[in-house]
2 protein chains.
Amino acid sequence: VAEKTPRAVGGNWEAEQLEAKLSRRVHAVAGAYWGAGARQEPPPVPPIMLAGGVPDPASLPIDDLVAVSERVLRREGPEALRYGGPQGFLGLREWLAADAHRREELSLGPEHFTITNGAAGALANLCDTFLDPGDVAIVEAPTYPGAMRTMRSCHAEVLGVPIGDADGLAPEALEKCLEQLRREGRRPKLLYTMANFQNPAGVTMSLERRREVVELCRRHDVLIVEDDAYGDIRFEGEALPSFFALAGGQGAVRIGTFSKTLATGLRLGWVMADQPIVDALVRMRFDMGSSPWPQRVVTEYASSGLLAEHVREVVPIYRRKRDAMLAALDERCNRFARWDVPRGGFFLWLELSEGVDPAILAQAAAQEGVAYVGGRTFFPDGSGARYIRLAYSFVAEAEMAEAVLRLGRAMERASRGPSAQ
Amino acid sequence: VAEKTPRAVGGNWEAEQLEAKLSRRVHAVAGAYWGAGARQEPPPVPPIMLAGGVPDPASLPIDDLVAVSERVLRREGPEALRYGGPQGFLGLREWLAADAHRREELSLGPEHFTITNGAAGALANLCDTFLDPGDVAIVEAPTYPGAMRTMRSCHAEVLGVPIGDADGLAPEALEKCLEQLRREGRRPKLLYTMANFQNPAGVTMSLERRREVVELCRRHDVLIVEDDAYGDIRFEGEALPSFFALAGGQGAVRIGTFSKTLATGLRLGWVMADQPIVDALVRMRFDMGSSPWPQRVVTEYASSGLLAEHVREVVPIYRRKRDAMLAALDERCNRFARWDVPRGGFFLWLELSEGVDPAILAQAAAQEGVAYVGGRTFFPDGSGARYIRLAYSFVAEAEMAEAVLRLGRAMERASRGPSAQ
């Protein structure tokens, strides 16, 4: 019968007609940040993945998560499996408050936190809450591509301020940008920054620059949105104060996540903010909150000390992987690119030598079987073709040499000169 | 030192100044749909909860979920704990396609589904994808309050079409509304409808009316958004075709969820739609997708037949609870209200008698210790004060008599006449 088959029986719903029905927000974003995988062409060679910022799979604490999840489900199953509200589980927010005290001696309560669908969900929540069409959002150039996509979906203009050197965002460039906007009568609403082990550039902002950025943003009434996804993956040096702490808890918020310390698939992040901002963020949640089950599992996992222990165990793994990648790059790629040594995080950021053609490199890398992310996606103006980002976090240590060998071969092929393709 | 205390050191970030910085979207929604619980006044008496549409906690399949979760984590832990992409786990979408075939003989594939943060997240995704400021969204009056809040956050105008009788939304009223909008040159983008066991009214739309609604919406180029959260909680009668099936797969989408059949805390729902619409929905996800862990657990739970078995077990529980509530209402409340008998779902919808003062009833019920949802929240124009919604799903069967006894006492106190307070 007619209603049993999904065949169109009229109407104006073919793809082209649909376009005119979609919201302007859809048109503001070019495509999915993460394409519908099933319809992508398979790569010619199964690639070694140096693309995503994903934790080491072999060190995932499966046994502990199985045990903690069982404990939580048996002890508080009905609560873990029931709506938990848009602000998230109170116990997790209490743990986060205690954690903020341990880190920076901040006196906060659960009311200063809201639980989000990962750091990406946190940023989406913040953009929905602060960005009107025509507003300006300032990002570091380069920055996390998902952030720009989210901002643009709110019809905000995304402006990049260059990361000048190994000390991170240059305050002079930020000031110049803010002064220019003021002259134009435009309103920059927020500055999105990753001060620790920046994604993708790997740099860490110095304390002096953090203070200057706080002062500049206060003067120009700009909210500082610090995304600290990678701050706990620290190989060297001491943690520097958050913008939230430096700003005295107002005018700056901190995004955190369990994605990099534990698992991206938990989709659990948070915003630490002054309470009126938390209230506004909660008001802009429309999905009835994140699942209380993983929230309660993570709370138990963190409260019982397992999370801190896990971080102590995995940080040396990432340090070794970083060093293994650096050694392999020195051997295989030093004629084709230059890079700095990050003191933490998941990424190396390579600037290709003049002689390397980025487009040919992309093709050659696919043929050789190694996946990385090209630099253009990280810059608001689409520049950055001469950069590539390599993640050392996910690839097995045993595969690191092979991965970089393949990359080196691809770079060789993409190079002008006697040995070029 | 200064940066260690969260004390404001200047700037314009106090609550009042913050208001001017928030997006217009924040101002379009009155408050959180679900308030920040920690700051609410505790009720005078711990209430028996007849408020939320939440499954029976005693019948949650804790043992099965523990076992399935362990199996999933040990077998596919790295995949379950890694980003799963914005469209959601392929295996779950394949199961949903097979399920759609079992239900309505629809020939669909995984590309016709996107996994969302519950049905609420599905609707938010749809609103972001279709609603521009000034657009009109049509809802049934009464309807699910979260839907209106989400639509309004997109600056859409929400218009209600009355549910005329026990057969659901009246097509004549819908046609009148659509014709009026056409005369005004306004664009109704979507119709949000719950045709099965409507929340809150409990009614089910007849097949004839479904066909008329499809025809009207096709003629007026309006997307039908069917929210079928409660369709599987069926006590009597046969399932009627979905709007998606009736419309031949175009111009209608179906929202589903595991919240009511399994657990609200999973935050797992989906949209079944024509592929270009799925693509647009995926484009408007900014949170890197729902957690793959619960998705894979639910896939395994459903694929192994446990979900169907669970639904077969719980439906009779809800039928008994409905009957127990009806019997108690007949005994305690029949002087104060009238109601129809729903053939499924979680709710009874009571119209208060003329003599019952709804405001006094709300106070008296809080004092007696019984929680329900007042009718005004379900109507786009804030009418409906004479209705209340009772959920029989969550309360223990053993407490049902006491719950309704308390409600009856509260109604007595809220009544004009000799026995009134």
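Within every chain, numbering begins at 1; the chains are lettered A, B, ... in the order of the sequence lines, protein sequences first and strands thereafter. Just so it is clear, the model here is predicted, and its values are computed rather than measured.
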Heavy-atom proximity to chain A below 4.5 Å, by part of B:Leu223: both
Give a yes or no on whether the backbone of A:Arg267 and the side-chain of B:Ser291 come within a donor-acceptor separation of less than 3.5 Å. no
Trace of the side-chain contact (heavy atoms from CB on, under 4.5 Å) decision for A:Asp128 with B:Phe286: CA-CA 11 Å; A:Asp128 284 345; B:Phe286 302 97; over 6 Å; no
Considering only heavy atoms from C-beta outward, does the side chain of B:Asp274 approach that of A:Leu18 to under 4.5 Å? no
Taking the side chain as every heavy atom from C-beta outward, state whether A:Ser69 and B:Trp293 have any pair of such atoms under 4.5 Å apart. yes
Between B:Gly118, B:Ala80, B:Ala263, B:Ala67, which shows the greatest number of heavy-atom pairs under 4.5 Å with chain A? B:Ala263
Where on B:Leu266 is there a heavy atom nearer than 4.5 Å to chain A: the side chain, the backbone, both, or neither? both
Quick check for you: among B:Gln295, B:Arg187, B:Arg285, B:Arg219, which has the greatest number of heavy-atom pairs under 4.5 Å with chain A? B:Arg187
Short N-O contact, B:Arg25 and A:Asp132, less than 4.0 angstrom: no
Test applied, side-chain contact (heavy atoms from CB on, under 4.5 Å); reference residue, B:Val66; option that passes from A:Leu73, A:Val72, A:Val66: A:Leu73
Does any backbone or side-chain atom of B:Ser290 lie under 4.5 Å from a heavy atom of chain A? Answer side chain, backbone, both or neither. backbone
Okay, A:Val222 and chain B: the region with an atom under 4.5 Å from a heavy atom over there is backbone
Would you mind reporting whether A:Asn12 and B:Gln250 have side-chain heavy atoms less than 4.5 Å apart? no
Quick one: does A:Lys21's side chain have a donor or acceptor within less than 3.5 Å of a partner on B:Phe130's backbone? no
Among B:Ile277, B:Thr114, B:Thr116, which residue forms the greatest number of heavy-atom pairs with chain A at distances under 4.5 Å? B:Ile277
Can B:Val29 and A:Met284 be said to form a side-chain contact (heavy atoms from CB on, under 4.5 Å), step by step? CA-CA 8 Å; B:Val29 291; A:Met284 287 303 282; 4.2 Å; yes
